[in-house]
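Just the heavy atoms: all of them, side chains too, but no hydrogens, waters or symmetry mates, feed the values below.
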Amino acid sequence: MENRMKTNESVVIDVKDLNVYYGAFRAVKDVSITIPQNKITAFIGPSGCGKSTMLRSFNRMNELVPSARVHGNITLDGVNIYDPDIDPVMVRRKVGMVFQKPNPFPKSIYENVAWGAQINGYKGNMDDLVEESLRQAALWDEVKDKLNQSGLSLSGGQQQRLCIARTIAVKPEIILMDEPASALDPIATLRIEELMEKLSEDYTIIVVTHNMQQAARVSHYTAFFNMDEDRAGYLVEYGDTSAMFTNPSKKLTQDYITGRFG
């Protein structure tokens, strides 16, 4: 598989020969990929091809599934995150996650943002951190007068931006997003896409999406996954998004992007 990442990009995640199993089933097969720093990388491909499993392998969330096991290497800033000496909690502080369905805590807007920083022993000014995080998530102006209201009182799009604020409050290096706009209306989706673009100035973002137009609009790089006859997900092609969508090197990629399957 040709890796078409530009040579002048800084690599933040380096994956070599990754295989992820759930029991006897191999969900991800022999994937090697490099993720550039401060860029948005989109994972596309048909349902069941291992995109979300790949995403969860970057912050060791697969380990929360009892039958899951991971073989291969994933290095973050040159450190193998699956080394036995590495604490998965430390990995998850550096690699935050935003899920498909907004999942604010049944707490106030303020407490939603402050929670992660509090349990990590944040010693700075919490009011400033909450405001800064909500500003970064493009939500401050909408909620600054109701910080004590429940996070569950917000609209779906606002709830998702609140979850993004909660994620960035712990100052991660990487933000994983698993179809962050699939449950939202078109206007809320556009807000999330604009926010992703802005956040990529400070964070590395990896997003799983089924929306081809979204991948083409927001990402700098795209990785296309498919599954083999045993339903194991593998990487078909990876490279610059504009090149991938205008001149893919594999016919399979062309067929998927143009809607011939998937």
Decide, yes or no, whether a salt bridge links [X] with [Y] under the criterion of side-chain N to carboxylate O below 4.0 Å.
X: Arg26; Y: Asp230; value: no
X: Lys198; Y: Glu194; value: no
X: Asp77; Y: Lys94; value: yes

For this session: State whether the number of non-hydrogen atoms from other residues, nucleotides or ligands found under 6.0 Å of Ile187 atom CD1 is greater than 12.
Result: no
Please check this pair: side chain of [X] against backbone of [Y], looking for a donor-acceptor N/O pair closer than 3.5 Å.
X: Ser32; Y: Asp17; result: yes
X: Lys123; Y: Gly121; result: yes
X: Gln160; Y: Ile192; result: no
X: Arg56; Y: Asn62; result: no
X: Gln214; Y: Asn211; result: no
X: Tyr238; Y: Thr34; result: yes
X: Asn120; Y: Gly116; result: yes
X: Ser108; Y: Glu111; result: yes
X: Lys51; Y: Gly45; result: yes

Problem set entry | Any pair counted as ring pair (Phe, Tyr, Trp, His ring centres under 6.0 Å), so long as it reaches residues 98-121, sequence neighbours left out | Phe105-Trp115
Problem set entry | Pairs involving residues 67-76, ordered by first then second residue, that meet salt bridge (Lys or Arg N to Asp or Glu O under 4.0 Å) (sequence neighbours left out) |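 For residues 67-76: none.
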Using a distance-only test with no angle check, is there a side-chain donor-acceptor pair under 3.5 angstrom linking [X] and [Y]?
X: Thr204; Y: Gln37; answer: no
X: Thr75; Y: Asp14; answer: no
X: Gln136; Y: Ser133; answer: no
X: Asn19; Y: Asp30; answer: yes
X: Arg166; Y: Asn103; answer: yes

For this session: Assess whether side chain to side chain contact (heavy atoms under 4.5 Å, CB included) is satisfied between Leu199 and Ile164, documenting all intermediate values.
Result: CA-CA 10 Å; Leu199 288 173; Ile164 291 170; 3.7 Å; yes
For this session: For Gln100, enumerate each residue passing the side chain to side chain contact (heavy atoms under 4.5 Å, CB included) test, keeping only those at least two apart in sequence or located in another chain.
Result: Glu179, Ser182
Problem set entry | side chain to side chain contact (heavy atoms under 4.5 Å, CB included) against Ile86, all qualifying residues, sequence neighbours excluded |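 Result, side chain to side chain contact (heavy atoms under 4.5 Å, CB included) vs Ile86: Arg60, Val79, Asp83, Val91.
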For this session: Evaluate side chain to side chain donor-acceptor pair (under 3.5 Å) for Tyr22 paired with Thr53, printing each intermediate quantity in order.
Result: CA-CA 10 Å; Tyr22 298 113; Thr53 295; 3.0 Å; yes
For this session: Report the C-alpha distance between Lys39 and Glu201 in whole Å, list the side-chain angles of each, state the deciding distance to 0.1 Å, and finish with yes or no for salt bridge (Lys or Arg N to Asp or Glu O under 4.0 Å).
Result: CA-CA 8 Å; Lys39 299 292 180 186; Glu201 296 171 12; over 6 Å; no
Seminar exercise, completed: Residue set satisfying side chain to side chain donor-acceptor pair (under 3.5 Å) with Ser153, at least two apart, ordered chain then number -> none
For this session: Taking the six-membered ring for Trp and the full ring for Phe, Tyr or His, determine whether the centres of Phe225 and Phe43 are under 6.0 Å apart.
Result: yes
Problem set entry | Pair His71-Tyr82, ring-ring contact (aromatic ring centres under 6.0 Å, His included): steps then yes or no | CA-CA 9 Å; His71 299 281; Tyr82 284 92; over 10 Å; no
For this session: Step by step, work out the side chain to side chain donor-acceptor pair (under 3.5 Å) result for Asn38 and Ser200.
Result: CA-CA 5 Å; Asn38 292 108; Ser200 70; over 6 Å; no
For this session: Go through Arg191 and Glu142 one step at a time and tell me if the salt bridge (Lys or Arg N to Asp or Glu O under 4.0 Å) criterion holds.
Result: CA-CA 13 Å; Arg191 294 294 300 273; Glu142 295 165 51; 3.3 Å; yes
For this session: Name all residues meeting the ring pair (Phe, Tyr, Trp, His ring centres under 6.0 Å) criterion together with Phe25; count only those two or more places apart in sequence or in a different chain, and write none if there are none.
Result: none
